[in-house]
Number of protein chains: 2
Amino acid sequence: MRQPQQDRSRATRQRLLEAAIEALAELGWAGSTVAVVAERAGVSRGAAQHHFPTREDLFAAAVEFVGDARRLWTREHSIDLPTGPERTRAVVDLIVRLYTGPLFRAALHMWVAATSDPQLRESVVTLEAHLGRETHKLALELLGVDESTPGVREIVQATLDMARGLGLANLLTDDSKRRAGIIDRWAEILDTALHSAVSSSAVPNSGVRA
Amino acid sequence: MRQPQQDRSRATRQRLLEAAIEALAELGWAGSTVAVVAERAGVSRGAAQHHFPTREDLFAAAVEFVGDARRLWTREHSIDLPTGPERTRAVVDLIVRLYTGPLFRAALHMWVAATSDPQLRESVVTLEAHLGRETHKLALELLGVDESTPGVREIVQATLDMARGLGLANLLTDDSKRRAGIIDRWAEILDTALHSAVSSSAVPNSGVRA
DNA sequence: TAAAACAAGCACGCGTGCTTGATTTTGTCC
DNA sequence: GGACAAAATCAAGCACGCGTGCTTGTTTTA
């Protein structure tokens, strides 16, 4: 079976990036050497370096790659959420799952490593800023609220920060039990806060919550 | 000036641990080599290794050291908080400052590095569990609430998780402006949520808030 | 003088960037 | 379609720097 060079090249590149993300999530930054990534991708180190001449190149590409993967994950999982009283909890749960899953785990390792690596820092800061804004915007949409209402922006930001904190907590120990309680409570608080914010600004109920 | 050996030994050890924490906060895990720490402490590598024979020993001790430092910081900064309507915000601000300062920054690097280092993991997990509980308990006291009230436990946990998320966000870019807005809003929400939780369980106002 | 604390240097393994070599695919010519 | 050369892709190995654990030597204190 003859595989065209272009496809072959793309496939190898894809495997390397997938392997890089996987290695990051499981082995952390220091453990994700070019040799380890190449082995996980099923290619030699020479082949890996053909596509990504330096470790820096590999992980700059991995930053973009994990960003796209996270966008895709978010899009796929924000369909078919409940529309009734359960919706707020489902939205909070979605955001928390986004930040406690393996993709964010890999990103988190790069986030922390970026503190002492100028090139990586630049790409991670840019990506996280974009993804943060996109996720924030999505949360607004899913919750059926908007930022013209005072306080809504901050509480949605707090929700994302809380989810990141939960992502961090999930790194070393399985935190899922504690997390479920927090999600429940946060959803209640969000409902109350968003309901009172809506009432106090006399904006008609958007209808999504009906 | 003749310095007794014991004092001298303690002083060197202290300097090394301080240097380790400082290096972690500024250079991250990979950058905090024994050589770098020794240089920051103003001693040779041989002297550093006399006190901490392996890198592992050094950072196991650093985990304990930063834990004590964080406890001390918390104790010192939880005195003289406002008692009136500003109290909740001051408590939230304290917790957020605890998690966005250099001590937690150093701890965070060890936290993340611990994912792929079994010995470090053990000490970090233990320390964070203890400190988490202590900080949680302190927050309850400072807010004048207790866990017998349904939902209070979860909301305080969420506050700590949010603070950790803010600590993470502060790693790569100065996030203080955004943070101030979140602290304000979260304090409002906390007041509302804790006030309604107190009312709904018919527990007398503790008086701290008067 | 002996012990403790501190310092300098050695040997080794590891990861990186780079070089050289091998295999596969593509394009051209007949 | 086959032969051949060039380009693309992949693989093996080299040289070097760095960090670690350890050894040997020096200085300070009791």
Take the protein atom [atom1] of [X] and the nucleotide atom [atom2] of [N], then report the distance between them rounded to whole Å.
X	N	atom1	atom2	result
B/Arg10	D/dT29	CZ	C1'	15 Å
A/Asp57	C/dG15	CG	P	19 Å
B/Phe52	C/dA4	CZ	P	18 Å
A/Asp7	C/dT24	CG	P	18 Å

Could you note down all residue pairs passing ring pair (Phe, Tyr, Trp, His ring centres under 6.0 Å) where residues 58-101 of chain B supplies at least one of them, sequence neighbours left out?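 Those involving residues 58-101 of chain B are B/Trp29-B/Phe59, B/Trp73-B/His77, B/Tyr99-B/Phe104.
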Sort and list the pairs that fulfil ring pair (Phe, Tyr, Trp, His ring centres under 6.0 Å) and have at least one residue in residues 142-187 of chain A, not counting sequence neighbours.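 Ring pair (Phe, Tyr, Trp, His ring centres under 6.0 Å) check on residues 142-187 of chain A returns A/Trp186-B/Trp186.
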So, are A/Arg178 and B/Asp161 salt-bridged, with charged N and O less than 4.0 Å apart?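 Looking at A/Arg178 and B/Asp161, the cut-off is met.
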More than 12 heavy atoms of other groups within 6.0 Å of A/Glu86 CD: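 No, the 6.0 Å shell around CD holds no more than 12 heavy atoms from other groups.
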Is atom CD of A/Glu134 surrounded by more than 12 heavy atoms (other residues, nucleotides or ligands) closer than 6.0 Å?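 Check passes, neighbour count above 12.
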Examine the side chains of A/Thr100 and A/Asn170 and answer whether a donor and an acceptor come within less than 3.5 Å of each other.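 Short answer, no.
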Are any protein N/O atoms closer than 3.5 Å to N/O atoms in nucleotides 8-12 of chain D? If there are, list each pair with its distance.
from   : atom 1 : to      : atom 2 : distance (Å)
D/dT9  : OP1    : A/Ser9  : OG     : 3.3
D/dC10 : OP1    : A/Thr12 : OG1    : 2.5
D/dC10 : OP2    : A/Thr12 : OG1    : 3.4
D/dC10 : OP2    : A/His51 : NE2    : 2.5
D/dA11 : OP2    : A/Ser44 : N      : 2.6
D/dA11 : OP2    : A/Ser44 : OG     : 3.1
D/dA11 : O5'    : A/Ser44 : OG     : 3.3

